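To start, the structure itself, in structure tokens.
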Amino acid sequence: MKKVTLVLSDGTSFRGESFGFESPVAGEVVFNTAMTGYPESLTDPSYAGQLMVLTYPLVGNYGVPPFSIEADGIPSFMESDRIYASAIIVADYSERNSHWNSVESLGDWLKREGVPGITGIDTRELTKVLREHGVMMGKILFDDQPDVIPEAEYEGVNFVDKVSCKNVIRYNEGVGKKIVLVDCGVKANIIRCLVERNVEVVRVPWNYDYTSMDFDGLFLANGPGDPDMCVDAVNILRRQMNISKKPICGICMGNQLLAKAGGASIYKLKYGHRSHNQPVRMVGTNNCYITSQNHGYAVDAKTLGKEWEEFFVNMNDGSNEGIRHKTNPWFSSQFHPEACSGPVDTEFMFDKFIDTLK
């Protein structure tokens, strides 16, 4: 294994070894505290441009499932068409893997897809640095390539435009109610959850003008980066809200876009929420749920208009976890009710959306 160094923007460095693709890379360094789910996380487009640190010490022991595609065009086991994270950083990479559905090792997969992987780093100490300082940019440098120093691009980059589909894609065509899904970097399991509920899904690019289309409901998907970069998506959504009261549901980035279209503002969290164990409470009740999350920005609930209210709040830091309109069937969650990976305690959000369709 080649020796590598992770250098953070504040000058802190960590030494490790490469087990993936051997090429320097730079990006925003973020941490995820989930114990499982690295194939799903790596293929989640919301990780585009990021160096993903996994705090759970043993990674790779169950290998990687096949990258098979179902008849409807949805991946069987992954969350998109490829790895979107710029790199993965772990404490202890397991070279041997064992699982009934494994077809290759994590290292071989990373090499095949051109994504660096680092092992041998004290990820707990790295996470402490990120928690105290906040997420920051970082570079993975190889000892045998001392002159190759990558430059990170994250702030001011529209990553949603990079990961969104470029053309309209249809699923379950002609079946049930018609849903327009705005693809900001949608996870495959969101599409699976909708298709399983016998609706037609029309997946459109993030900046597609759907306001003149014939549909029954609008779904705003997750995505990477800063929601303030998605001006076109917000403007189109605002026009839709002005001309129709058709149901709208959003997840993650979709929560932030809905809030912005409603007049609220967004702020960046110190180190984000990326895990399978984030507790949220449904406002107005004592109902609490354990959720899967992956976001670095949040809605400033204090800026919501009088016609809006919080739907969920985070029990750890009090940040917003969803909003809803007081009269129209418009609501969203900052967490991922489709999980994959993670707990599925809040999958009822999809049922709630389907129930609002007329």
Side-chain angles (χ1 to χ4, degrees), residues 37 39-50 67 69-70 72-85 158-173 178-197 199-210 213 215 217-227 229-230 232-234 236-237 240 247-258 261 274 291-297 322 331-342 344 346-347 349-350 353-354:
E40 294 91 340
S41 292
L42 285 168
T43 54
D44 179 353
S46 292
Y47 277 109
Q50 295 179 326
F67 224 122
I69 305 295
E70 300 297 318
D72 56 11
I74 304 174
S76 303
F77 306 106
M78 303 296 188
E79 289 304 298
S80 67
D81 59 339
R82 63 179 177 86
I83 295 177
Y84 278 91
N158 188 345
F159 279 98
V160 167
D161 186 59
K162 292 177 177 290
V163 304
S164 175
C165 63
K166 305 306 178 186
N167 301 293
V168 176
I169 305 171
R170 297 178 183 271
Y171 307 89
N172 259 6
E173 193 166 0
K178 182 180 294 185
I179 306 302
V180 168
L181 185 152
V182 181
D183 180 8
C184 297
V186 64
K187 288 174 60 185
N189 207 40
I190 290 177
I191 303 174
R192 294 186 197 108
C193 286
L194 291 171
V195 167
E196 288 171 358
R197 285 161 175 79
V199 294
E200 177 180 350
V201 177
V202 183
R203 178 180 174 185
V204 301
W206 72 278
N207 56 354
Y208 189 91
D209 189 350
Y210 47 79
M213 293 175 61
F215 61 91
L218 180 65
F219 204 98
L220 311 171
N222 64 292
D226 186 351
M229 301 300 298
C230 301
D232 291 345
V234 173
I236 295 168
L237 175 57
Q240 173 64 28
I248 302 174
C249 181
I251 289 177
C252 199
M253 172 73 77
N255 177 59
Q256 297 160 10
L257 297 182
L258 184 63
R274 297 175 181 88
T291 66
S292 177
Q293 300 195 14
N294 175 20
H295 59 270
Y297 294 82
F331 60 94
S332 55
S333 67
Q334 187 60 57
F335 53 86
H336 283 268
E338 85 290 347
C340 202
S341 55
V344 293
T346 55
E347 196 173 312
M349 291 289 286
F350 290 95
F353 175 58
I354 298 301

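The model shown is predicted, which means the values in this text are computed figures rather than measured ones. Along the sequence shown, residues carry numbers from 1.
For Y171, the side-chain hydrogen bond (donor to acceptor under 3.5 Å, both in side chains) partners two or more places apart in sequence, or in a different chain, are R203. By the side-chain hydrogen bond (donor to acceptor under 3.5 Å, both in side chains) test, T43 is found to be paired with no residue, residues two or more places apart in sequence or in another chain being considered. Under the ring pair (Phe, Tyr, Trp, His ring centres under 6.0 Å) criterion, F159 pairs with Y154, sequence neighbours left out. Checked against ring pair (Phe, Tyr, Trp, His ring centres under 6.0 Å), F353 has the following partners two or more places apart in sequence or in another chain: F219. Looking at residues two or more places apart in sequence or on another chain, you find a salt bridge (charged side-chain N to carboxylate O under 4.0 Å, His left out) between D209 and R239.
At least one side-chain heavy atom of K178 sits less than 4.5 Å from a side-chain heavy atom of V202. Between C184 and L257, some side-chain heavy-atom pair lies under the 4.5 Å cut-off. In this structure, the side chains of L218 and I179 stay at 4.5 Å or more apart for every pair of heavy atoms. S46 is not listed as a side-chain neighbour of H295, based on a closest heavy-atom distance of 4.5 Å or more. M229 has its side chain out of reach of V160: every pair of non-hydrogen atoms, C-beta onward, lies at least 4.5 Å apart. With a 4.5 Å cut-off on side-chain heavy atoms, V182 and N207 do not count as touching.
For the pair Q293 (side chain) and Q334 (backbone), a donor-acceptor distance under 3.5 Å is absent. Side-chain atoms of D232 never come within 3.5 Å of backbone atoms of W206 as a donor-acceptor pair (strictly under, hydrogens ignored).
Taking both residues in full, the closest heavy atoms of R192 and P75 are given as NH2-O, 2.7 Å, listed atom of the first, atom of the second, then distance. Scanning both residues, Q256 and Y297, for their nearest heavy atoms gives NE2-O, 2.9 Å.
Ion pairing between a basic and an acidic side chain is recognised when a charged N comes within 4.0 Å of a carboxylate O; K187 and E338 show such pairing.
Each of I169, D183, N172, I74 was scored for a side-chain contact (heavy atoms from CB on, under 4.5 Å) with I191, with one residue passing: I74.
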Next on the checklist: If you apply the rule side chain to side chain contact (heavy atoms under 4.5 Å, CB included), what do you find for T291 with H336, and how did you get there?
Outcome noted: CA-CA 7 Å; T291 66; H336 283 268; over 6 Å; no
Checklist entry - Does the pair V180 and V204 meet the rule for a side chain to side chain contact (heavy atoms under 4.5 Å, CB included), with working shown? => result CA-CA 7 Å; V180 168; V204 301; 3.9 Å; yes
Next on the checklist: Run I251 and F335 through side chain to side chain contact (heavy atoms under 4.5 Å, CB included) and show every step you take.
Outcome noted: CA-CA 7 Å; I251 289 177; F335 53 86; over 6 Å; no
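With rounding to the nearest 0.5 Å, the separation of CD in E79 from OH in Y84 is 12.0 Å.
Pairs passing the salt bridge (Lys or Arg N to Asp or Glu O under 4.0 Å) check and including a residue from residues 158-173, sequence neighbours excluded, read R170-E200.
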